[in-house]
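Accompanying notes for the structure given below.
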There are 2 protein chains.
Amino acid sequence: MLTKSSTELVRQRNSVLVLSVLRRHGALAHTEISDFTGLSSATISAITADLEKAQIIEKSEHQAASGRGRPRVLLRQRRDCGYLIVVIISSDAVQYSLVDYAGKLIDRFNEERSHDPSGAARFVAAVRAGLLRILDRSKISQEKVLLISISSKGLVNSTEPVLLWSPIFGSDQIDFESVLRPDWQAKVILDNETLLVAAALGAREEIAKGADFRSLAALSLGHSIGLGIVRRGGQTGQEVSAPNFGHMLHMANGGLCRCGTRGCIEAYAGFYAILRSAFEVPLDTIPAKFVPVAELDKIAAKARQGHRVSAFAFRQAGLALGNGLSRMLSLTERMPIAITGPGTRYYDLLRQGVEEGLGQSHVVRMEGMPEIRVVADEQILVFDGHLNRALSVIDQDIVLSGVQSAE
Amino acid sequence: MLTKSSTELVRQRNSVLVLSVLRRHGALAHTEISDFTGLSSATISAITADLEKAQIIEKSEHQAASGRGRPRVLLRQRRDCGYLIVVIISSDAVQYSLVDYAGKLIDRFNEERSHDPSGAARFVAAVRAGLLRILDRSKISQEKVLLISISSKGLVNSTEPVLLWSPIFGSDQIDFESVLRPDWQAKVILDNETLLVAAALGAREEIAKGADFRSLAALSLGHSIGLGIVRRGGQTGQEVSAPNFGHMLHMANGGLCRCGTRGCIEAYAGFYAILRSAFEVPLDTIPAKFVPVAELDKIAAKARQGHRVSAFAFRQAGLALGNGLSRMLSLTERMPIAITGPGTRYYDLLRQGVEEGLGQSHVVRMEGMPEIRVVADEQILVFDGHLNRALSVIDQDIVLSGVQSAE
DNA sequence: ATTTTTTTCTCGACAGTCGAGAAATTTAGT
DNA sequence: ACTAAATTTCTCGACTGTCGAGAAAAAAAT
């Protein structure tokens with residue numbers, strides 16, 4: 001359904017646009033903002049005056065004048081305009097980070113996760129405590145925290161911050177909105193981890209290639225398998241999604257997966273699956289919950305020395321990934337694939353299988369092999385993705401609520 | 001990348017909005033347009049005055065006054081504002097339809113397709129001739145034809161009107177833009193046939209359910225297998241895509257498909273595949289190009305009488321479809337599935353396989369079976385989809401080009 | 001001290017939407 | 001026949017927004 005436009009909406013959109021270029025390029029002068037946005041100088045004056053009055057941006061101290069002419073006045077976000085807490089949930093720990101409005105890291109700590117089966121209730125309590133702790137360690141008032149951005153592996157509701165399925169809690173759903181609402185008035189968002197990786201890579205790509213960038217998929221290899229897809233959307237910047245790739249059907253009636261279904265991709269390509277296959281354990285054995293990476297390193301070493309069964313295990317994993325990717329490409333357009341996660345260290349062993357699996361499909365035969373690149377530093381990408389998304393959400397909210405009321 | 005807004009853009013969007021409600025609801029009075037769009041009465045006056053001056057809409061003769069008060073003046077599109085030619089390419093014929101700006105069918109004829117292997121070049125010549133013929137039969141001047149909307153089965157470039165792969169011509173690509181540019185100045189668009197079905201169903205659904213509508217997939221069963229997905233997008237109405245579903249990998253190293261690859265879904269669920277399977281022909285036999293539907297009806301009859309091998313062929317087809325749909329659902333959100341096409345007459349035989357194939361995956365086990373409905377009248381849906389998309393493209397173009405220049 | 005250069009700010013013009021109320025035109029009531 | 005009520009359409013002034021041109025500011029070069 002189309003929806004009506006108004007002049008006020010124009011100002012809102014342009015204000016968000018100004019904030020977004022400020023975010024992308026750091027502190028900028030009046031004229032630079034005008035160049036980047038395409039808006040006229042007069043409009044920039046009006047918008048920045050409003051934003052300054054609303055205490056969202058500030059004029060920075062005049063820098064060393066470089067060149068003649070009237071010196072530039074740089075505009076930048078006010079760091080204390082608001083704060084963001086990033087919560088990264090991984091299989092063995094939860095990381096809490098406090099970030100200011102300019103994207104600068106203020107405080108961070110990790111908390112080990114207890115592996116007892118007490119489950120979701122206890123975990124939720126730990127997260128509540130962790131959040132209050134990071135707030136307490138800073139001297140920031142709670143109202144100044146505008147957003148709590150959470151990420152986890154698993155399946156996430158696309159509109160509400162509800163964890164639908166995760167490798168750790170299974171189908172024990174967690175609704176972070178209702179969990180955190182008693183303590184916090186901040187907005188809460190939840191994203192799949194690999195989606196954030198894709199978003200971060202997409203943002204980098206867009207800076208590098210500009211308008212040439214179309215789309216990109218990030219595949220995260222580890223205990224579980226994640227996929228994020230990002231494509232450039234019409235008006236609203238990038239569009240991003242995190243399909244349930246790890247549990248897409250690879251082969252009907254295939255190996256048993258942690259999720260209880262048979263034949264998921266993860267049941268062939270997850271760490272536990274490679275282990276199971278290398279030890280020639282029957283495929284319907286209930287898989288181990290956690291696999292020490294050292295164990296997998298050993299198998300990889302044997303495979304590299306020519307041990308047939310170990311090499312075969314990685315090849316099977318690659319095939320499952322390749323088939324799955326080909327199916328994904330059948331349903332989307334051709335796009336480059338970035339491979340991340342701890343599993344990248346075995347990519348030499350996986351590659352052949354991946355390429356063979358891809359090559360078995362019509363799309364790949366027709367359009368050719370997609371570009372595949374291995375990207376390390378998944379941790380950094382996840383955090384980058386958080387900042388990317390969270391801060392632009394804050395920009396949006398701030399313009400919607402803040403500017404009009406502050407007059 | 002975000003992009004700047006301006007007041008002129010506001011007017012453009014609102015003009016398109018007015019035209020779109022006029023299209024959805026037929027001739028409307030001033031006040032009704034105001035109600036539907038949410039725009040104020042004054043704005044409607046301004047916009048409709050512009051559109052009338054630009055000869056895009058007109059005041060209709062005052063109808064029988066119903067109720068007291070000043071009688072309404074209905075506004076409607078001017079039929080002669082522009083024309084649209086719809087070209088529907090199917091495996092055995094090409095249908096040409098001439099439609100006026102209000103969506104009313106003016107002329108239509110079918111042309112049989114020669115099945116000789118002379119291929120794309122000859123086909124293209126036939127289409128050029130067909131288009132000139134339908135123009136000639138009417139007394140409309142060529143400049144008045146604003147858009148030529150073409151549909152075919154197969155894979156289509158998402159931005160340009162290029163047929164990348166089709167069941168008939170294989171990888172002999174056809175670029176309709178360059179083919180028709182010499183004869184026509186009209187814009188040319190090309191869509192996958194099942195995408196149009198999905199678009200038409202989506203439009204109906206949106207009218208029925210309003211804001212509750214989220215997304216929907218249309219699966220077309222026939223000689224080949226098509227899939228269209230429609231979901232409600234942010235500003236720009238509906239977002240629609242036609243994945244290469246028929247040639248998504250069903251089973252590695254599986255049956256040989258018409259496309260030359262092994263293991264496509266179509267190689268199990270296309271009409272020729274069901275025939276092949278029912279006659280227990282080896283799966284690597286090069287499949288027949290065209291299968292008379294009567295032949296398949298016979299097999300279906302045998303299957304319904306309990307003939308094992310025939311029933312098994314349909315079941316296998318259903319399994320391939322079900323597995324494929326489950327994979328699609330793993331990559332998207334849960335959505336209802338509408339089944340169309342000539343294959344719906346066998347759905348009683350396919351159903352069990354489809355449901356079993358769906359049930360083998362994690363998503364379906366977790367979220368439950370998606371709603372599946374059988375929808376007849378694929379022909380009508382295709383044409384509806386054409387009108388839907390084509391006329392809204394015309395609205396857009398007309399506002400962009402027509403209104404500002406006419407003053 | 002003056003000119004040049006560069007940046008920022010300001011003013012008037014123009015486009016768009018909105019609310020209020022005037023104008024138009026019919027039905028209902030007396 | 002006349003008036004009141006109802007309903008729709010149109011118009012006017014207020015408000016918000018963007019833009020271009022040029023004034024004002026401020027430093028370097030001459």
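Every chain is numbered from 1 and lettered A, B, ... according to where its sequence line falls, protein lines coming before strand lines.
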Below 4.0 Å: OP1/OP2 of [N] and any side-chain N or O of [X]:
X: A:Thr31; N: C:dT8; answer: yes
X: A:Thr43; N: D:dC19; answer: yes
X: A:Arg68; N: D:dA29; answer: no
X: A:Lys4; N: C:dG16; answer: no
X: B:Ser40; N: C:dC18; answer: yes
X: B:Thr7; N: C:dC14; answer: no
X: A:Asn14; N: D:dG17; answer: no
X: B:Arg11; N: C:dT17; answer: yes

In a check of salt bridge (Lys or Arg N to Asp or Glu O under 4.0 Å) between B:Arg232 and each of B:Glu333, B:Glu206, B:Glu239, which one passes?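 Of the listed residues B:Glu333, B:Glu206, B:Glu239, the salt bridge (Lys or Arg N to Asp or Glu O under 4.0 Å) partner of B:Arg232 is B:Glu206.
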Mind calculating the distance between [atom1] ([X]) and [atom2] ([N]) to the nearest angstrom?
X: A:Glu32; N: C:dT6; atom1: CD; atom2: P; answer: 14 Å
X: B:Arg13; N: C:dT17; atom1: CZ; atom2: P; answer: 12 Å
X: B:Lys59; N: C:dT25; atom1: NZ; atom2: P; answer: 12 Å
X: B:Gln12; N: C:dA15; atom1: CD; atom2: P; answer: 14 Å
X: B:Ile57; N: D:dT9; atom1: CD1; atom2: P; answer: 12 Å
X: B:Arg72; N: D:dC10; atom1: CZ; atom2: P; answer: 13 Å
X: B:His30; N: D:dT11; atom1: NE2; atom2: P; answer: 10 Å
X: A:Leu28; N: C:dT8; atom1: CG; atom2: C1'; answer: 15 Å

Take A:Ala42 and A:Arg70, find for each the nucleotide of DNA chain C with the closest heavy atom, and name the residue whose nucleotide sits nearer the 5' end. A:Arg70
Any base atoms under 4.0 Å from A:Ala46, or only sugar-phosphate, or nothing? Heavy atoms, all strands. nothing
Within the structure shown, what part of the strands sits under 4.0 Å from A:Leu39 by heavy-atom distance: base, sugar-phosphate, or nothing? sugar-phosphate
Which heavy atom of [X] sits nearest a heavy atom of [Y], and at what distance?
X: B:Lys59; Y: B:Leu75; value: CG-CD2, 3.9 Å
X: A:Arg11; Y: A:Ala46; value: NH2-CB, 3.5 Å
X: A:Leu391; Y: A:Tyr101; value: CD2-O, 3.9 Å

Looking at A:Ser41 and C:dC9, is any side-chain donor or acceptor paired with a base atom of the opposite kind under 3.5 Å? yes
For B:Ala200, does its backbone N or O pair with a side-chain atom of B:Asn388 as donor and acceptor, under 3.5 Å? no
Side-chain donor-acceptor pair under 3.5 Å between B:His30 and B:Thr48, yes or no?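 Side chains of B:His30 and B:Thr48: no pair found under 3.5 Å.
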Does A:Glu8 or A:Gly69 map to a spot on DNA chain D nearer the 5' end, using the closest nucleotide for each? A:Glu8
